[in-house]
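Here is the structure we will look at.
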Amino acid sequence: MSLIVQKFGGSSVADSDRIFNVANIISKAYSAGNDIIAVVSAQGNTTDNFINMANEINPRASKREMDMLLSSGEQISISLLAMAIEKLGYPVVSLLGWQAGFLTCATYGNAKIENINPDRIKKELDKKNIVIIAGFQGLNTYGDITTMGRGGSDTSAVALAAIMNADKCKIFTDVEGVFTADPRRVKGAKKLDVISYDEMLELSTLGAKVLNNRSVEVAKKYNVEVEVLSSMNDIPGTIIKEVAQKDKSPICGVASDENVARASVINVPDKPGIAFKLFSKLAGKGINVDIILQSENGEKSKDISFTVPKTQLDETVEVLNKFIEPLEEAQIIYEKNVAKVSIVGTGMENQVGIASKMFEALYEEQINIQMIATSEIRVSVIVYSDEADRALNSIHNKFFGVL
């Protein structure tokens, strides 16, 4: 007998037909003699619809009340799925995050799991129940419901697999696995059989929407082997695990992130401490800075440019306006219409010319590079957002060819 953790995203339970499809997947695994824990997201666009409803009532609603609202989406999906499994004749129980023992930090809207008390889950499994759990949510030290941010159900599932020492962790989505690029945007994108934790973490962070990056961090930390596969097609997916580097391809994929904005502070004094003061203020507001570029602007001044999530641009501009108040010559420039396009691969560490090949692909399409950032396993560039798809396709074709 094996313990299997399955996770189903919102598109997998979007309507009654898909709910019964998921119920059949779960029931089939249970009938094979396995213990089953299924983690489920809210149906379809439920979370986005709730956000729109909240904005109609109060655009400045507290994050606590938003969590109360958003967490109800999973309550709907787990109860409907449990009803479908009941109709198929199998024993089942649905549990909210707090009932399943998820304890989080106090942060609303983007909480992190601090612990899981699996006692209730174990009791239900001992009763031979299929256990359906609301992903994306938990309880903080104040006894309030918290949510874990976009893709938080992935983290719920992987964390459960870790603490329960599950034999398998399967993430069911609307795609057949992890591809070399988004197949909806890049013709010829190829499905990967295996990808390393580090590569998947980079791709998730850089815009690939297959898996939440925090879930990959948990999988890597606790060595949880994860399979990403389709809930609609019964075929093998992509395995995420520690992968040996021998004979590794230089890159595993290309990703694009449109939730990016570029901000610049120009004509700031060229003296020690300026960068520290600027970025400490941004950090104090919880603003996530990514690519940073500093350049000289005359003998006594410099320009500092950096990228932030587009959703944090307004807050960034507020911080920058306060920062430049005592600086007479300093000015702020920002640009919303940009995208970050990246290549990722642990094979880069042992091969030369990878960045050059990427830049050649962009040159051939006459796409201008605004900023560049590199690490051992990734190269990212900032381009205009209306050129992002061309950039994705040209880079993908350069490395993987055209089918």
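- In this structure, CG on Leu206 lies 11.0 Å from CD1 on Ile343, to the nearest 0.5 angstrom.
- No hydrogens or angles considered: a donor-acceptor pair under 3.5 Å links the side chains of Glu199 and Ser196.
- Closest approach of Pro91 and Asn129 over heavy atoms only: CB-OD1, 3.3 Å.
- Electrostatic pairing of Arg185 and Asp389 counts as a salt bridge here, judged by a charged N lying under 4.0 Å from a carboxylate O.
- The closest donor-acceptor contact from the side chain of Gln99 to the backbone of Leu96 lies under 3.5 Å.
- Looking at every heavy atom in both residues, Lys190 comes nearest to His396 through N-NE2, 4.4 Å.
- Screening Lys310, Arg262, Arg378 for a salt bridge (Lys or Arg N to Asp or Glu O under 4.0 Å) involving Asp290 leaves a single residue, Arg378.
- The two atoms that bring Phe136 and Ser156 nearest to each other are N-OG, 3.0 Å, heavy atoms only.
- For the atom pair Leu81 CG and Ser94 OG, the distance stands at 9.0 Å (nearest 0.5 Å).
- Closest non-hydrogen pair, Pro326 versus Lys322, comes out as CD-O, 3.9 Å.
- Screening Val265, Ile333, Ile304 against Leu320 for a side chain to side chain contact (heavy atoms under 4.5 Å, CB included) leaves a single residue, Val265.
- How far SG of Cys252 is from CZ of Phe179: 14.0 Å, rounded to the nearest 0.5 Å.
- The environment of CZ in Phe323 is crowded: more than 12 heavy-atom neighbours from other residues, nucleotides or ligands sit within 6.0 Å.
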Does Lys241 form a salt bridge (charged side-chain N to carboxylate O under 4.0 Å, His left out) with Asp193? I'd like the steps, not just the answer.
CA-CA 11 Å; Lys241 64 179 183 178; Asp193 294 327; over 6 Å; no

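- Just one residue in the list Thr155, Asn110, Asp154 forms a side-chain hydrogen bond (donor to acceptor under 3.5 Å, both in side chains) with Arg214, and that residue is Asn110.
- Taking a cutoff of 4.0 Å between a charged side-chain nitrogen and a carboxylate oxygen, Lys302 and Glu296 do not qualify as a salt bridge.
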Does the pair Asp182 and Val186 meet the rule for a side chain to side chain contact (heavy atoms under 4.5 Å, CB included), with working shown?
CA-CA 6 Å; Asp182 186 339; Val186 176; 5.5 Å; no

Apply the test side-chain hydrogen bond (donor to acceptor under 3.5 Å, both in side chains) to residues Ser256 and Glu258: give CA-CA distance (whole Å), side-chain angles for both, the deciding distance (0.1 Å), then the verdict.
CA-CA 7 Å; Ser256 176; Glu258 275 71 43; 2.6 Å; yes

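- Checked for salt-bridge contact, Glu124 and Arg120 meet the test: a charged N lies under 4.0 Å from a carboxylate O.
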Residues Gln6, Ile36; criterion side chain to side chain contact (heavy atoms under 4.5 Å, CB included); working and verdict
CA-CA 7 Å; Gln6 302 173 326; Ile36 304 296; 3.7 Å; yes

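- Open room surrounds CE on Met68; 12 or fewer heavy atoms of other groups in view lie less than 6.0 Å from it.
- Remark: Arg150 engages Asp48 in a salt bridge, criterion side-chain N to carboxylate O under 4.0 Å.
- The backbone N or O of Asn267 sits less than 3.5 Å from a side-chain atom of Asp303, completing a donor-acceptor pair.
- Checking side-chain atoms of Asn34 against main-chain N and O of Tyr30 turns up no donor-acceptor pair under 3.5 Å.
- Every residue two or more places apart in sequence or in another chain that forms a salt bridge (charged side-chain N to carboxylate O under 4.0 Å, His left out) with Glu360 is listed here: Lys398.
- By the 6.0 Å contact criterion, NZ on Lys112 is open, its count of non-hydrogen atoms from other residues, nucleotides or ligands being 12 or less.
- Side-chain atoms of Glu242 and Asn223 form no donor-acceptor pair, as typed in the model, at a separation below 3.5 Å.
- Take Phe279 and apply the ring-ring contact (aromatic ring centres under 6.0 Å, His included) test, not counting sequence neighbours, and it matches Phe306.
- Listed for the Thr238 side chain is a donor-acceptor partner under 3.5 Å among the backbone atoms of Val178.
- Of the inter-residue distances, the one linking Leu125 atom CG with Lys122 atom NZ reads 9.5 Å to the nearest 0.5 angstrom.
- Considering all non-hydrogen atoms of both residues, Glu225 and Tyr197 come closest at N-OH, 3.6 Å.
- Here the options are Thr146, Asp144, Asn140, the test is side-chain hydrogen bond (donor to acceptor under 3.5 Å, both in side chains), and the partner is Arg64; only Asp144 passes.
- Looking at Asn288, its side chain never comes within 3.5 Å of a backbone N or O of Pro309 through a donor-acceptor pair.
- No donor-acceptor pair closer than 3.5 Å links the side chain of Ser215 to the backbone N or O of Leu211.
- The number of heavy-atom neighbours closer than 6.0 Å to CD of Glu365, taken from other residues, nucleotides and ligands shown, is above 12.
- Salt bridge absent: Lys285 and Glu315 never bring a charged side-chain N and a carboxylate O closer than 4.0 Å.
- Counting only N and O atoms by type, the side chains of Tyr90 and Ser31 include a donor and acceptor under 3.5 Å apart.
- No donor-acceptor distance shorter than 3.5 angstrom exists from the side chain of Ser264 to the backbone of Ile266, with no hydrogens or angles considered.
- A 6.0 Å sphere centred on CD of Glu217 holds more than 12 heavy atoms belonging to other residues, nucleotides or ligands.
- The OG1 atom of Thr141 sits 9.5 Å away from atom CG of Leu103, with the distance rounded to the nearest 0.5 Å.
- Panel note: side chain Ser77, backbone Ser41; a donor-acceptor pair is recorded below 3.5 Å.
- Around atom NZ of Lys281, no more than 12 heavy atoms belonging to other residues, nucleotides or ligands sit under 6.0 Å away.
- Other residues, nucleotides and ligands place no more than 12 heavy atoms under 6.0 Å from the CG atom of Asp234.
- Atom CD in Glu56 sits 13.0 Å away from atom CD1 in Ile51 (nearest 0.5 Å).
- Side-chain contact between Leu229 and Ile171 is absent, with no heavy-atom pair separated by less than 4.5 Å.
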List the steps, then state whether side chain to side chain contact (heavy atoms under 4.5 Å, CB included) holds for Phe359 with Ile369.
CA-CA 8 Å; Phe359 301 154; Ile369 299 171; 3.6 Å; yes

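- No donor-acceptor pair closer than 3.5 Å links the side chain of Gln370 to the backbone N or O of Ile382.
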Audit row: Asp270, Ser301, side-chain hydrogen bond (donor to acceptor under 3.5 Å, both in side chains) steps and yes/no:
CA-CA 5 Å; Asp270 189 7; Ser301 65; over 6 Å; no

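- Between Asp386 and Lys336 there is no salt bridge, since no side-chain N of the basic residue sits under 4.0 Å from a carboxylate O of the acidic one.
- With Glu335 contributing its side chain and Asn337 its backbone, the two residues share a donor-acceptor pair below 3.5 Å.
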side-chain hydrogen bond (donor to acceptor under 3.5 Å, both in side chains) for Ser16 and Arg18? Distances and angles first, verdict last.
CA-CA 5 Å; Ser16 58; Arg18 293 195 176 191; over 6 Å; no

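- For the residue pair Thr346 and Asp198, no side-chain donor N or O sits within less than 3.5 Å of a side-chain acceptor on the partner.
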